[in-house]
Every structure is written in structure tokens, then in C-alpha cells.
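All residue numbers in this chain count up from 1 along the given sequence. The structure displayed is predicted, hence computed values, not measured ones.
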Amino acid sequence: MHFVIMGCGRVGASLARAIERAGHEVAVIDQDESSFRRLGTTFEGRTITGVGFDRDTLRAAGIENAYAFAAVSSGDNSNILAARVAREKYGVEHVVARIYDPGRAEIYQRLGIPTVATVKWTSDQMVRRLLPQGHVPEFTDPSGKVVIAEMPISDGWIGRRISEIEGATGGRTAYLTRLGDGLLPGPDTVYQEGDLLHLALLREDLATAERVLDAAPPAH
């Protein structure tokens, strides 16, 4: 799959190398050509000098065929603008923006763009938000056995009750994020497009739950 990353600081370079090691194609955009040195001599992806929200620059990076886009430059405004262009103009489904100001994250979340605040950022977390079949653990109990994870879910589950998801995975919903607001689902709550499901389950069951939710649900 093809990934486009805007920003080649330490974050962007680390992310690009991690995605390339996972076997995917990567294009990196940055205004400063010298920043590409951070990628190292073994990086085989594309490098494009330019502004990450400029449409010609994005097209040169292959945005029209991109599976995912990450905006990780040093500017909040640039990151969110580029993320919105990728999502709204080019229809990239998997988009994430790095945000320095945690107070702004909720606003951007309401726009349907996942954000990662700098205070909790790790390249591993960013990779899991972009790559398919990648849960994002948010909490682990002291024993390490129970986790709460934000789970990626196939669109086929839209319109199904949260209780069905729980039954299929063996997990329990810790909470649901809808349009930036947290809520506790009831027995009849239905999973909607754009919802973020935070599931509590045993760590050993994470991979199985992930596979279940990545596939279409069984027919009624």
C-alpha cells in the first residue's frame, strides 16, 4: 500500500522508516530538502520538496492512490489543513494529524480527523493508527492482562448493535467516542460511521478481536 507523510522531522522520519519496514511504499513531503537526510541512506521511498497542503505537491506524492496520510509537521494549522485536503479533496480514508495543542484536538476530532497530541505521541502509536489491523492500546491494568484498546472496525459493522460487537469479540465496551464526545453505550446503541470504539478485553484476545472486526460481520 502507498502512504504519504507530511513533515520529515524526527517524528515523520521515524514514521516513514517504520512503515517502509512493514513492506509498504512511502512518500515524504517537506519544505526543507535537507530534512530528508533524517530518512537515512537505506530509505527507498519518494521525497517531495514542497508544502504539504498544496495540491500539486500532494499529487506528486501520489495522494490520489494513497491508502493513508499522516500530517506530522511542526505546525498545527498546517497539519490539520493538509489532513482535511487529503480527506475531503482526495478521499483518503485513513488520515491522522499530529497536534501540539491538546485543547484543539477535540475540535479536529469533531471534523472526523483522528489526532495525536504531542504529549502522548509515540511513532508506534501513529503507525498503528495508519496501518490496517492495528489496535491502539490506551490502558493496561497493573498485571498487564487487561487492556482498553481503540479498535479499527470494518464498515460492514455500521448499523449493528454494540452488543453484537461485544458478543463477536468477547470484549466489553469501555466507552464510545462519537463526534468527539464520549458516551457509554446502552444495550440498543448502534455503531455509526465515524464512531471510535474503545474495547476492554484480555491482551491475549486482542489479535483475535482485531481480525473479527476487520472482517464483515456474519449475516443476520
Side-chain angles (χ1 to χ4, degrees), residues 1-40 42-132 134-138 150 152 180 196:
M1 292 178 290
H2 182 60
F3 291 74
V4 177
I5 298 171
M6 183 189 87
C8 196
R10 286 180 297 176
V11 170
S14 176
L15 183 61
R17 291 193 300 267
I19 291 175
E20 187 174 66
R21 285 196 300 270
H24 303 287
E25 296 180 356
V26 185
V28 184
I29 300 169
D30 200 286
Q31 296 184 67
D32 182 3
E33 187 173 0
S34 66
S35 67
F36 298 130
R37 296 173 185 169
R38 295 188 179 95
L39 294 168
T42 61
F43 181 72
E44 298 181 354
R46 239 184 292 177
T47 56
I48 300 93
T49 304
V51 178
F53 49 81
D54 176 76
R55 294 181 181 181
D56 288 339
T57 301
L58 286 169
R59 283 194 289 269
I63 193 67
E64 292 167 317
N65 299 312
Y67 172 83
F69 176 82
V72 292
S73 76
S74 59
D76 284 7
N77 291 335
S78 297
N79 287 343
I80 198 61
L81 178 57
R84 291 192 67 180
V85 170
R87 168 71 61 80
E88 297 169 13
K89 171 64 179 178
Y90 295 102
V92 181
E93 182 178 356
H94 304 279
V95 172
V96 64
R98 183 193 190 193
I99 302 300
Y100 282 83
D101 179 1
R104 292 168 138 183
E106 181 178 347
I107 297 172
Y108 300 145
Q109 198 79 32
R110 289 175 183 270
L111 296 174
I113 297 174
T115 59
V116 177
T118 303
V119 292
K120 56 185 273 190
W121 188 90
T122 66
S123 63
D124 184 53
Q125 183 187 75
M126 187 74 82
V127 166
R128 287 197 298 268
R129 284 184 180 269
L130 291 173
L131 291 175
H135 56 267
V136 183
E138 299 169 300
E150 179 188 314
L196 298 178

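In terms of heavy-atom proximity, His2 sits nearest to Ala27 at CE1-CB, 3.8 Å. Closest heavy-atom contact between Gly7 and Val28: O-CG1, 4.1 Å. Between Ala86 and Val95, the shortest heavy-atom contact is CB-CG2, 4.4 Å. Shortest non-hydrogen contact noted between Ser73 and Asn79 is OG-OD1, 2.6 Å. Pairing each heavy atom of Arg87 with each of Val92, the nearest pair is NE-O, 3.3 Å.
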Any chance you could lay out the side chain to side chain contact (heavy atoms under 4.5 Å, CB included) test for Val85 and Phe69, step after step, and finish with the verdict?
CA-CA 10 Å; Val85 170; Phe69 176 82; over 6 Å; no

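In this structure, CD1 in Ile63 is found 12.0 Å from CZ in Arg55, a value given to the nearest 0.5 Å. The line from OG1 of Thr42 to CD of Glu20 is 7.0 Å long, rounded to the nearest 0.5 Å. For the atom pair Glu25 CD and Phe3 CZ, the distance stands at 10.5 Å (nearest 0.5 Å). A distance of 10.5 Å separates CG in Leu15 from CZ in Arg98, rounded to the nearest 0.5 Å. Note: Phe53 CZ to Leu81 CG = 5.5 Å, rounded to the nearest 0.5 Å. Remark: Ile5 CD1 to Ile48 CD1 distance equals 10.5 Å, nearest 0.5 Å.
Counting heavy atoms of neighbouring residues, nucleotides and ligands inside a 6.0 Å radius, atom CZ of Arg59 exceeds 12 of them.
Inspection of the Ser35 and Asp32 side chains reveals no N or O donor paired with an N or O acceptor under 3.5 Å.
For the pair Phe43/Val26, a side-chain contact is recorded, criterion being any heavy-atom separation below 4.5 Å from C-beta on.
Looking at Arg17, its side chain does come within 3.5 Å of a backbone N or O of Arg38 through a donor-acceptor pair.
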